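Okay, structure first, notes after.
The shown structure was predicted, so the numbers you read here are calculated from the model rather than taken from an experiment.
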Amino acid sequence: MRVLVFGASGRMGREIIRLLSENEQGCRLAIAVDRGESSAIGQDAAILVGCSALNVFVQADGDALRDLNPDSFDVAIDFTLPEVSVIHAEWCQRWKKPFILGTTGFLPEQEKIIHDTAKTIPILWAPNMSIGVNVCFALLRKAAEMLGPEYDIEIIEAHHRHKVDAPSGTALRMGEVVAKARNTTLKESAVYARQGRTGARDASTIGFSTIRGGDIVGDHTVLFAAEGERIEITHKASNRGNFARGAVRAAAWIANKPAGLYDMMDVISRNNDAV
Ligand code: NAD
């Protein structure tokens, strides 16, 4: 698979390029794109991440979208910004190319564009590409179903100081999973902040707490608390390699899939050819 990486000089883009330099999952770097103002433009993408030269030079986004030969790649991976990712998704739609989307923090109208685009091309969209986190989603669904409403649910997440959206996309997805298991939605049940005289906890709520600091890659805990006991399901990422490996695995998996919106559970499910 020949891969186009959008956001090539970002924290995630670099991890992905490192893996593609080693032909992870039979995928190789074909095109690297970043915003026009990036100091990486014109540099060999592999040298940028400390690997041997690949002669794939980072291109400016505007130029790339205008000039790229769509026959030169098979799948695109995007870890950029929501407003940029939707443009890239529509560009991939124009060329009928599968799209792996890792960006988080979308507004509802941007989410709608992704849903609409997935009607005509395969899009794998996951706020967290780590296999471990996706296994946690399955555990959380089971726990919420089995524990029932007498267990209060709180979601705590911690990330590095550069993260621009909150709560994290992963925390929100965890919230959606437990909300659905309780026959509700985050719209009805989420509490994103508490301050001052809040009153006693409303049992129907799902609370979120956000920590930002230093270089924390990503910690998530879902707490189920009742009288006399509590259960915590925690995932801690110690580096970005697990997200990048998941994204590359998704890129290898999505080849030849029909149009539609997929997530990492589709990739790791035992009922398909990826395991
Ligand atoms: P980052 O800021 O380090 O990287 C973003 C990159 O996008 C930068 O290099 C930036 O220059 C580039 N960019 C901006 N505009 C662009 C454009 N028009 N065209 C091409 N590139 C452009 O951020 P990051 O830590 O790599 O995270 C990126 C996104 O991925 C965030 O939304 C983050 O929350 C998300 N993320 C998702 C996962 C996951 O598993 N799904 C894991 C980590 C981060």
Self-check item: Residues M174, F208; criterion side chain to side chain contact (heavy atoms under 4.5 Å, CB included); working and verdict
Solution: CA-CA 10 Å; M174 288 175 159; F208 286 82; over 6 Å; no
Quiz item: Where do F243 and M129 come nearest, in terms of heavy atoms and distance?
Solution: O-CB, 3.3 Å
Exercise. Have a look at R2 and tell me which of L29, L20, D74, D71 forms a side-chain contact (heavy atoms from CB on, under 4.5 Å) with it.
Key: D74
Quiz item: Do D219 and I211 have side-chain heavy atoms sitting under 4.5 Å apart?
Solution: no
Exercise. Take D266 and D263 through the test side chain to side chain contact (heavy atoms under 4.5 Å, CB included) and record every step on the way to the result.
Key: CA-CA 6 Å; D266 295 309; D263 64 22; 3.6 Å; yes
Quiz prompt | Shortest non-hydrogen separation from A181 to E145 and the atoms involved | solution = CB-CG, 3.9 Å
Quiz item: Taking the side chain from T205 and the backbone from G207, do they hold a donor-acceptor pair closer than 3.5 Å?
Solution: no
Self-check item: Short side-chain to backbone donor-acceptor contact, K97 and P70, under 3.5 Å
Solution: yes
Quiz item: Can you say whether the rings of H88 and F6 are parallel (under 30°), tilted (30 to 60°) or perpendicular (over 60°)?
Solution: parallel
Quiz item: So with a 6.0 Å cut-off around CZ of R230, is the heavy-atom count from everything else above 12?
Solution: no
Quiz item: Are more than 12 heavy atoms from other residues, nucleotides or ligands located less than 6.0 Å from atom CG of D67?
Solution: yes
Quiz item: Any idea which heavy atoms bring F137 and R173 closest together, and the distance?
Solution: CZ-CG, 3.5 Å
Quiz prompt | Any donor-acceptor N/O pair, N128 side chain to V133 backbone, under 3.5 Å | solution = no
Quiz item: In terms of side-chain geometry, is the basic nitrogen of R212 or E157 positioned less than 4.0 Å from the acidic oxygen of its partner?
Solution: yes
Self-check item: Donor-acceptor contact present, side-chain T221 to main-chain I156, <3.5 Å
Solution: no
Quiz prompt | Between S85 and T80, a side-chain donor and acceptor under 3.5 Å | solution = yes
Quiz prompt | Min side-chain heavy-atom separation L48-S9 under 4.5 Å | solution = yes
Quiz item: Mind checking whether L107 and P82 have side chains closer than 4.5 Å, heavy atoms only?
Solution: no
Quiz item: Can you tell me how far the CE atom of M1 sits from the CD atom of Q25, to the nearest 0.5 Å?
Solution: 10.5 Å
Quiz item: Should the ring pair H160 and H162 be called parallel, tilted or perpendicular, given that the plane angle runs from 0 to 90° and is split at 30 and 60?
Solution: tilted
Self-check item: Side-chain (D152) to main-chain (A203) donor-acceptor, under 3.5 angstrom
Solution: no
Quiz item: Between W91 and F73, what is the ring plane arrangement, given parallel below 30°, perpendicular above 60°, and tilted in between?
Solution: parallel
Practice problem: Can you spot which of I113, L101, T117 makes a side-chain contact (heavy atoms from CB on, under 4.5 Å) with V86? | Solution: I113
Quiz prompt | From L223 atom CG to S209 atom OG, the distance as rounded to the nearest 0.5 Å | solution = 9.5 Å
